[in-house]
Amino acid sequence: MPGWETVFQKVDDYRWLIPRSFKPEMRTDGLLYADEAMLPLLYKENAHVQVANVACLPGIVGYSLAMPDIHLGYGFAIGGVAAFDPEQGGVISPGGVGYDINCGVRVLRTNLHKDEVRKKINDIANELAREVPSGVGSTGVISLSEKEMDKVLTEGAKWAVKNGYGVNDDIEHTEANGALAGADPSAVSHHARERGKDQVGTLGSGNHFLEVQFVEEIYDEAAANAFGLQKDQVTIMVHTGSRGFGHQVCSDYINILHKAVAKYNIYLPDRQLVCAPVNSPEGKQYFSAMCAAANFAWCNRQLIMHWTRESFAKAMGATPQQLGISLIYDVCHNIAKMEKHKVKGVGGSEIEKLLCVHRKGATRAFPGDPVLVPGDMGRYSYIMVGTELAMNETWGSVCHGAGRRLSRSAALRKYNYKELMADLDKQGIVVRSASRKGLVEEAPEAYKDVREVVDVVHNSGLAKKVVRLRPMVVVKG
DNA sequence: ATGTCC
């Protein structure tokens, strides 16, 4: 049985090529960012095959890219990045975005020191668990009418702020200002709207979380300062997406686009890569629906931020203004966006082109922007900063998290609730979970060490480490 | 990720 050495060609310590010769239908090479120790595992689970499959799709520009947290996903690997040129028959694919459209991370700063929060830690945990609904199928306090749903789908986080759930500064620190212009509510099914109408402002389940954290380590003083961060300062991180709404949009369009694949005679190495030309009516319709789901998710995270502010204020006996709770950044890691990027034109000259950039389990990392990389609930998360190199190599994209080491079922076999809670308690981490089973599935040891993923990104130069954040309170579904 | 199967 040949090993990874037969597939990956070393470019340097952090870059590995999957050459076109791997599969005859590949239109371009794959490029994986990883250290050598990561290669056997991802080779064993065939994640590289999914990277090669994406390289077979029409209109792909540059490499089929893979981040160090790559693992198997629906069609496209999670941790995959690929750009397509609409003028060259380039495609858009629901599998290249993922079921949780605009799954993303929001991080807030406070002016609180970790010792102040430590004194009130149980009150804070209780308030957060009470104010922010979580768990499978969880519903919130807002029930959207048809008309209000339309507004959420076009205005995103701005709808929340307009209705008193936040301030304009929050919008200014959200990717795309919390709303993509391409959204069309009429492209979304009645079914998706029904599933979503009571779910806005809810955390969900699985790896989604709300954490109170503190700045444990600073790697880059200047960047930390620019983000308003110093050692031992308390931050709050929210990781969630578009809930059942985005899931339904994805399901609907996987079905719809199967017909488009036949109609436009697109060769697929894997049926899960179902897609349509960006410029086709079907492709445009998916894009409009996907933008609507992205806006739903930004509204969701904005509402959760608002209730987080209120929870903190109540628990600390102060106003949100006194606590200085403000948004550092909100960035998505599951999306396809139309972005202008530099590409090589005829004769090697550089030109700017509008591309459809798929980021599936990959975070946008534009120069100077914060890059939010959650880890697991027992160890740490990171804030990085984007660089010019990422613009040149990965369409301004990097990793999105740790990735699982054990399956959910394996985690359930290996760990139990009582021991897990005792272990987290020993580390001073207070947990509120809607489901015991759900929590055990999320045991820290079920995840890879996010430090290794972040170090590959840092050492390759795609993004730079700014701070490491240590959890204090974990709220999970 | 997900009304963890329409």
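Lettering of chains follows the sequences in order, A, B, ..., and the numbering in each one begins at 1. Everything numeric here is computed off the predicted structure, so don't read it as measured data.
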In whole angstroms, the gap separating P of dT4(B) from OH of Y99(A) amounts to 14 Å

Between D100(A) and K437(A), the residue closer to the 5' end of DNA chain B by nearest nucleotide is D100(A)

Taking the six-membered ring for Trp and the single ring otherwise, decide whether the centroids of H333(A) and H239(A) are under 6.0 Å apart. yes

- Task: For dT4(B), take OP1 and OP2 only and decide whether either is under 4.0 Å from a side-chain N or O of S205(A).
- Result: no

Heavy atoms only, 4.0 Å cut-off, all strands: where does G244(A) land among base, sugar-phosphate and nothing?
sugar-phosphate

Residues at least two apart in sequence or cross-chain that pass side chain to side chain donor-acceptor pair (under 3.5 Å) with Q199(A), listed by chain then number, are none

H208(A) atom NE2 is separated from dT4(B) atom P, nearest whole Å, by 16 Å

Whole-Å distance, L412(A) CG to dT4(B) P, equals 16 Å

In whole angstroms, the gap separating C1' of dC5(B) from NE2 of H191(A) amounts to 13 Å

Atom CD1 of I101(A) and atom P of dT2(B) are separated, to the nearest Å, by 12 Å

Q | Ion pair check, E282(A) and K263(A), cut-off under 4.0 Å | A | yes

| query | Less than 4.0 Å between a side-chain N and a carboxylate O, is that true for K465(A) and D455(A)? | reply | yes

message: Once you apply a heavy-atom cut-off of 4.0 Å, does E194(A) come out as touching a base, just sugar-phosphate, or nothing?
response: nothing

Counting only side-chain N and O atoms of R243(A), is one of them less than 4.0 Å from OP1 or OP2 of dT2(B)?
yes

In whole angstroms, the gap separating P of dT2(B) from CG of D252(A) amounts to 16 Å

I78(A) atom CD1 is separated from dT2(B) atom P, nearest whole Å, by 13 Å

Touch check for H333(A), heavy atoms < 4.0 angstrom, all strands: base, sugar-phosphate only, or nothing? nothing

From CD of Q248(A) across to P of dC6(B) the rounded distance in Å is 9 Å

For residues 52-59 of chain A, which side-chain donor-acceptor pairs fall under 3.5 Å, sequence neighbours excluded?
| from | atom 1 | to | atom 2 | distance (Å) |
| --- | --- | --- | --- | --- |
| N53(A) | OD1 | K23(A) | NZ | 2.9 |
| N53(A) | ND2 | V49(A) | O | 3.4 |

